[in-house]
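Owing to the predicted nature of the structure, the values given are computational and were not obtained by experimental measurement. Worth knowing before you read on, the calculation uses all heavy atoms, side chains too, and leaves out hydrogens, waters and symmetry mates.
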Amino acid sequence: MIVLKFGGTSVQDSASQNQALAIVARVLDKAPLVVSSAMSGVTNDLIRLTELASSGQEAAAMDLLEKLKARHTNVLLEQTEGEIRNRTQQLLEDVWQEVGSLTRGMILLGECSPRVYDAVVGSGELLSTRLLWGRCCQLGYEAELLDARHFIVTDDHFNEAAVLFGPTNEKIARGIHARPGRILITQGFIGSTTDGVMTILGRGGSDYSASIFGSALGAEAVEIWTDVDGILTTDPRIVPQARTIPEISYAEAAELSYFGAKVIHPATIQPAVDKKIPVWVKNTKNPDHPGTVILPETPHRGPRAFAIKKNAVIISVTSSRMLNAHGFMARIFDIFRNHRIAVDLVATSEVSVSVSVDRKEEARQVIEDLERLGNVNVQSDAGILCLVGPRAWTCGRELGRVFQALGEMTVHLVSLGASETNLSLVMNESDLAEALRRVHREFFGV
Ligand code: ASP
Ligand code: MG
């Protein structure tokens with residue numbers, strides 16, 4: 001069997017939904033399970049709804065609710081007719097009843113409890129999948145709508161519940177029977193506690209759901225259908241010539257996603273990766289493009305993808321007391337831990353330590369604490385250039401090409417060798433985009 005996950009833009013209106021279902025129809029003989037996100041923007045609107053309702057803005061909350069209803073009803077009317085329309089409409093109505101009651105409850109109480117939040121915010125997926133199911137029936141496909149809350153079992157950490165894999169895998173394996181010729185449809189993002197209370201898995205959770213279903217069912221592949229041609233060599237907004245990477249390993253994808261490259265979050269595909277199931281990233285608007293496949297390992301070596309991360313700050317501590325002293329590093333990192341600040345990159349010499357942290361974490365208090373250990377120098381307006389490629393940077397020649405391409409640009413800190421995959425350079429923020437263009441041209445020729 002095969003799992004196809006459609007993101008919000010892939011189901012945002014009736015044209016997109018038809019496009020998505022045409023993609024599913026092509027793999028009907030592979031026993032497809034469709035996992036869908038909410039229509040794009042709906043999850044954000046539902047979050048807004050909880051804010052409006054719980055802060056007593058009744059009129060605005062009701063307006064928003066009506067707007068959401070109208071958007072879904074429009075798709076329903078375009079997609080279905082007759083008896084199928086009636087049945088689908090009833091299914092949608094059940095969700096609106098629930099969301100309506102919860103909204104009135106929030107208005108009355110002037111608050112939104114964690115479990116109400118999850119029930120409201122997760123309902124976008126209930127709606128989109130009901131619409132997809134109706135359309136499948138209208139097109140004459142044999143389709144079954146599955147409620148993900150009966151399969152994805154979580155703890156009760158509302159808003160970002162953790163999946164309990166034991167019961168989840170068992171329920172999926174026992175309760176879901178994919179077979180060729182039939183389309184199964186279920187929701188991403190939602191689950192329920194062992195007591196049956198609805199939960200959500202955290203933003204972007206639909207990819208996670210897809211990979212959980214795929215792994216529990218032993219799928220031959222998990223396909224993540226989105227609005228880009230897979231994972232690109234770099235951010236096309238900075239380098240328009242960026243190209244699709246045909247194959248990438250899990251480790252490379254992980255390095256990239258940390259830098260905010262538009263790829264899926266590595267944690268969300270872990271269940272599929274553990275089972276060595278290939279995860280494809282494909283474009284609903286360009287379905288014949290092969291996209292990118294993420295594999296446990298790839299045989300390739302060499303530069304693969306480049307990304308940049310703005311908003312870095314370099315904090316350097318210099319102290320002669322560090323010379324031959326043990327425990328000095330531990331004391332420095334203790335300070336960061338005490339302030340709950342994540343350190344991105346580290347470089348050390350005999351008497352100094354430099355770290356880069358995200359600018360939003362630049363806390364005055366940390367500097368004061370660090371000053372007790374030595375001289376502290378803070379350099380703002382920095383950013384990180386991240387060059388990812390398996391075993392790409394272990395040869396002086398390749399490193400030479402990187403620095404040759406950067407030419408006169410200032411490099412503040414280099415991190416190499418921490419992983420075989422990643423070379424990171426901390427540079428001036430104002431140089432980052434140009435630095436990215438230069439190395440991209442050097443290694444990818446465009
Ligand atoms: N609809 C949810 C979100 O926007 C889950 C998802 O799309 O992955 O975060
Ligand atoms: Mg997403």
Side-chain angles (χ1 to χ4, degrees), residues 1-12 16-38 40 125 128-129 132-133 135-136 141 143-144 146 148 151-152 172 176 178-189 201 204-232 244-250 252-253 257 262-296 298:
M1 61 89 55
I2 186 167
V3 174
L4 299 95
K5 181 261 171 176
F6 292 96
T9 52
S10 300
V11 294
Q12 66 187 348
S16 306
Q17 292 193 8
N18 282 331
Q19 179 71 48
L21 292 178
I23 289 165
V24 179
R26 308 201 299 189
V27 291
L28 215 48
D29 58 333
K30 289 190 175 174
L33 168 67
V34 172
V35 177
S36 181
S37 291
S40 66
E125 272 70 8
S128 65
T129 46
L132 282 171
W133 175 81
R135 183 60 181 164
C136 273
Y141 293 116
E144 191 183 338
L146 302 169
F151 301 102
I152 306 282
I172 295 175
I176 299 185
R179 65 166 161 74
R182 182 172 64 168
I183 302 174
L184 300 178
I185 301 172
T186 196
Q187 305 80 27
F189 189 45
L201 305 181
S206 292
D207 293 341
Y208 194 32
S209 305
S211 140
I212 295 167
F213 281 112
S215 137
L217 293 168
E220 65 181 80
V222 172
E223 298 183 348
I224 308 285
W225 288 87
T226 173
D227 52 8
V228 284
D229 290 332
I231 300 174
L232 304 183
T244 298
I245 304 164
E247 271 183 22
I248 193 167
S249 71
Y250 173 70
E252 295 169 89
S257 67
K262 186 162 179 176
V263 289
I264 51 185
H265 194 285
T268 64
I269 57 166
Q270 188 68 51
V273 172
D274 287 345
K275 284 274 187 76
K276 301 205 182 323
I277 298 170
V279 177
W280 292 85
V281 181
K282 286 166 157 279
N283 189 352
T284 313
K285 307 263 157 4
N286 191 12
D288 292 323
H289 191 289
T292 298
V293 61
I294 310 174
L295 299 166
T298 64

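Contacts of Asp229 classified as side chain to side chain donor-acceptor pair (under 3.5 Å), with partners at least two apart in sequence or in another chain: Asn283, Asn286. With sequence neighbours excluded, no residue satisfies side chain to side chain donor-acceptor pair (under 3.5 Å) with Glu125. A search for side chain to side chain donor-acceptor pair (under 3.5 Å) contacts involving Thr129 returns Gln187, not counting sequence neighbours.
Pro180 and Asp29 make their closest contact through CB-O, 3.5 Å (heavy atoms, listed as atom of the first residue, atom of the second, distance). Trp225 approaches Pro287 most closely through the heavy-atom pair CZ3-CA, 3.8 Å. Of all the heavy atoms in Cys136 and Ile183, the pair that sits closest is SG-CD1, 3.9 Å. Smallest separation of non-hydrogen atoms from Tyr141 and Ala25: OH-CB, 3.1 Å. Ser211 and Ala272 get closest at one heavy-atom pair: OG-N, 3.2 Å. What you find for Ser209 and Val35 is that their closest heavy atoms are CB-CG1, 4.2 Å.
Considering OH of Tyr208 and CZ of Phe189, their distance stands at 13.5 Å, rounded to 0.5 Å. Put simply, CG on Leu21 and CZ on Arg26 are 12.5 Å apart, with the number rounded to the nearest 0.5 Å. Going from atom CD of Glu247 over to atom CD of Glu252 covers 10.0 Å, rounded to the nearest 0.5 Å. The CG atom of Leu28 sits 10.5 Å away from the CZ atom of Arg179 when rounded to the nearest 0.5 Å. One finds the NZ atom of Lys30 at 12.0 Å from the CE atom of Met1 (value rounded to the nearest 0.5 Å). A distance of 4.0 Å separates CZ of Phe151 from CD1 of Ile176, quoted to the nearest 0.5 Å.
Phe213 pairs in a side-chain contact (heavy atoms from CB on, under 4.5 Å) with only one of the listed residues (Leu146, Val34, Ile172), which is Ile172. Considering Val222, Ile245, Ile231 as possible partners of Ile294, the one that fulfils the side-chain contact (heavy atoms from CB on, under 4.5 Å) test is Ile231. Among Thr226, Ile185, Val11, the single residue meeting the side-chain contact (heavy atoms from CB on, under 4.5 Å) criterion with Phe6 is Val11. For the side-chain contact (heavy atoms from CB on, under 4.5 Å) test with Tyr250, the passing option among Val279, Val273, Leu295 is Val273; the others fail.
Residue Lys276 qualifies as open at atom NZ: its count of foreign heavy atoms under 6.0 Å is 12 or below.
The closest side-chain heavy-atom distance from Lys5 to Ser37 is below 4.5 Å. Annotation: side chain of Lys285 is in contact with side chain of Ser16 (closest heavy-atom distance under 4.5 Å). Within the 4.5 Å cutoff, the side chain of His265 has no heavy atoms near those of the Asp207 side chain. At a threshold of 4.5 Å between non-hydrogen side-chain atoms, the residues Asp274 and Ser215 do not count as touching. Looking only at side-chain heavy atoms (C-beta outward), Thr298 and Ile248 stay at 4.5 Å or farther from each other.
Side chain of Thr292 to main chain of Val281: no donor-acceptor pair is present (N/O by atom type, distance under 3.5 Å, no hydrogens or angles).
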